[in-house]
Student: 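Encoded as structure tokens, here's the structure I'll be asking about.
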Amino acid sequence: YLPIAVYCFYSLVSIFYQEICPLWLVAPVGSGGLGWSASDVGVLQSTGGGFLAVSNFVFFPLLARRLAPSRLFWTSACVSACCYSLTPHLATVDASRRWPTLVALNAVVQAAGSTCFTSLFLIINSSCEKEQRGAVNGMAMALSSAFKAAGPMVGSGLFAWSLTNGLASSLLDVHFTFYLISTAALCTALVGLSLERSKPVHSSTVEMRGRSASSAREDDAVTERSVV
């Protein structure tokens, strides 16, 4: 049940950030936002699709051959946490550099999030018998849907509170929700370390196993002939 719990909690973390980031982009400059229009936010969000495709088809297969799913999840979750905490500080970046910086940050967030979810699916599938995978994945998707439903409501409420609480603290202003979700991502990454570390299987390992099985069959055949 631990892999499913981690998957559900990371689903909450991911949808939480996806909710508050656009709100921060359109928030007034005086409140720590960027004061963007809805069209600007849409353009920025659309750039993540291309980077997501490159990440899934190019970078993830390379990383999966070298890292176990649990280690891959932990690394990606830590990267996500760093990006979450850095996001509100981009309001201080020079206007001429803000767009490319936000595009780069969005690309990293998209790639890290996709890697986390893919790694968790691999961990969930390896945590149960082959015949149970359908039921286990169905349960994981059903439970995570509840967390994804709660994320936008909680995220938008806390973000609105951080803009209007009037507290003179850099930890409780516009930065609050980003620091909170960054901490949650780090906690999820630490819990992910306790997940089963499934080592990646290389072609040489598969070939060695095939040779061992072939040798075992030959030994059995020789034994049978000797008995006859």
Student: Calculate, to the nearest 0.5 Å, the distance between atoms CZ and CG belonging to Phe176 and Asn165 respectively.
Tutor: 8.5 Å
Student: Say whether Leu186 and Trp74 are linked into one hydrophobic cluster, either directly or through other cluster members, by side-chain heavy-atom distances under 4.5 angstrom.
Tutor: no
Student: Say you draw a straight line from SG of Cys187 to CG of Leu190; how long is it, rounded to the nearest 0.5 Å?
Tutor: 6.5 Å
Student: Check whether Ser114 reaches the backbone of Gln110 with its side chain - one donor and one acceptor, N or O, closer than 3.5 Å.
Tutor: no
Student: Going by distance alone, is a donor N or O of one side chain under 3.5 Å from an acceptor N or O of the other, for Tyr17 and Ser182?
Tutor: no
Student: Can you name the nearest heavy-atom pair linking Gly151 to Leu12, along with the distance?
Tutor: CA-CD1, 3.5 Å
Student: Rounded to the nearest 0.5 Å, how far does OG1 of Thr188 lie from CD1 of Ile181?
Tutor: 8.0 Å
Student: Check whether any side-chain heavy atom of Val13 lies under 4.5 Å from a side-chain heavy atom of Phe147, and answer yes or no.
Tutor: no
Student: Determine the minimum heavy-atom distance between Gly155 and Ile20, stating which atoms define it.
Tutor: O-CG2, 3.5 Å
Student: Is the side chain of Ser55 donor-acceptor paired with the backbone N or O of Phe51 at a distance under 3.5 Å, no angle test?
Tutor: no
Student: So which heavy atom on Val93 is nearest to which on Arg98, and how close?
Tutor: O-NH2, 2.8 Å
Student: Does any N or O in the side chain of Thr75 come within less than 3.5 Å of the main-chain N or O of Leu72, such that one atom is a donor and the other an acceptor?
Tutor: no
Student: Going through the checks in order, is the side-chain contact (heavy atoms from CB on, under 4.5 Å) test met by Leu2 and Val191?
Tutor: CA-CA 9 Å; Leu2 184 59; Val191 176; 3.9 Å; yes
Student: Apply side-chain contact (heavy atoms from CB on, under 4.5 Å) to the pair Ser156 and Leu23, showing each step before the final yes or no.
Tutor: CA-CA 8 Å; Ser156 58; Leu23 294 177; 4.0 Å; yes
Student: Does one hydrophobic cluster hold both Val79 and Phe60, with members joined at side-chain heavy-atom distances below 4.5 Å?
Tutor: no
Student: Measure the shortest side-chain to side-chain distance between Asp40 and Leu25 over non-hydrogen atoms and say whether it is less than 4.5 angstrom.
Tutor: no
Student: Considering non-hydrogen atoms only, spot the tightest contact between Leu120 and Val6 and give its length.
Tutor: CD2-CG1, 3.7 Å
Student: Look up atom CD1 in Ile15 and atom CE in Met153, then write down how far apart they are to the nearest 0.5 Å.
Tutor: 12.5 Å
Student: What's the spacing between Thr115 OG1 and Asn56 CG if we round to 0.5 Å?
Tutor: 7.0 Å
Student: Locate the shortest heavy-atom distance separating Pro69 from Ser119; write the atom from each residue and the value.
Tutor: O-CB, 3.6 Å
Student: Hey, does the side chain of Asn137 reach the backbone of Asn125 with a donor-acceptor pair shorter than 3.5 angstrom?
Tutor: no
Student: Would you say Met139 and Ile123 are hydrophobically clustered, going by side-chain heavy atoms of ILVMFWY under 4.5 Å?
Tutor: yes
Student: As a quick check of understanding, evaluate side-chain contact (heavy atoms from CB on, under 4.5 Å) for Phe16 and Phe178, giving each step before the final call.
Tutor: CA-CA 9 Å; Phe16 192 107; Phe178 292 97; over 6 Å; no
Student: Between Leu158 and Leu180, is any pair of side-chain heavy atoms under 4.5 Å apart?
Tutor: yes
Student: Do Arg66 side-chain atoms and Leu62 backbone N/O form a donor-acceptor pair below 3.5 Å?
Tutor: yes
Student: Using ring pair (Phe, Tyr, Trp, His ring centres under 6.0 Å) as the criterion, list what pairs up with Phe59, not counting sequence neighbours.
Tutor: none
Student: In this structure, is the centre-to-centre distance between the rings of Trp24 and Trp36 below 6.0 Å?
Tutor: no
Student: Output the distance between atom SG (Cys83) and atom CG (Leu105), rounded to the nearest 0.5 Å.
Tutor: 5.0 Å
Student: Check whether any side-chain heavy atom of Leu172 sits under 4.5 Å from a side-chain heavy atom of Ser162, and report yes or no.
Tutor: no
Student: Does one hydrophobic cluster hold both Leu52 and Val108, with members joined at side-chain heavy-atom distances below 4.5 Å?
Tutor: no
Student: Given side-chain contact (heavy atoms from CB on, under 4.5 Å), test Val109 with Tyr84 step by step and report yes or no.
Tutor: CA-CA 8 Å; Val109 169; Tyr84 296 162; 4.3 Å; yes
Student: Under 3.5 Å, is there a donor-acceptor pair linking the side chains of Ser14 and Gln18?
Tutor: yes
Student: Can you give me the closest heavy-atom contact between Ser85 and His89, atom names plus distance?
Tutor: O-CD2, 3.2 Å
Student: Within the distance-only criterion (no hydrogens, no angle test), does the side chain of Ser31 pair as donor or acceptor with the backbone N or O of Ala27 below 3.5 angstrom?
Tutor: no
Student: Any chance the rings of Phe121 and Tyr7 have centres within less than 6.0 Å?
Tutor: yes
Student: Just to verify, what does Tyr10 make a ring pair (Phe, Tyr, Trp, His ring centres under 6.0 Å) with, not counting sequence neighbours?
Tutor: Phe73, Phe117
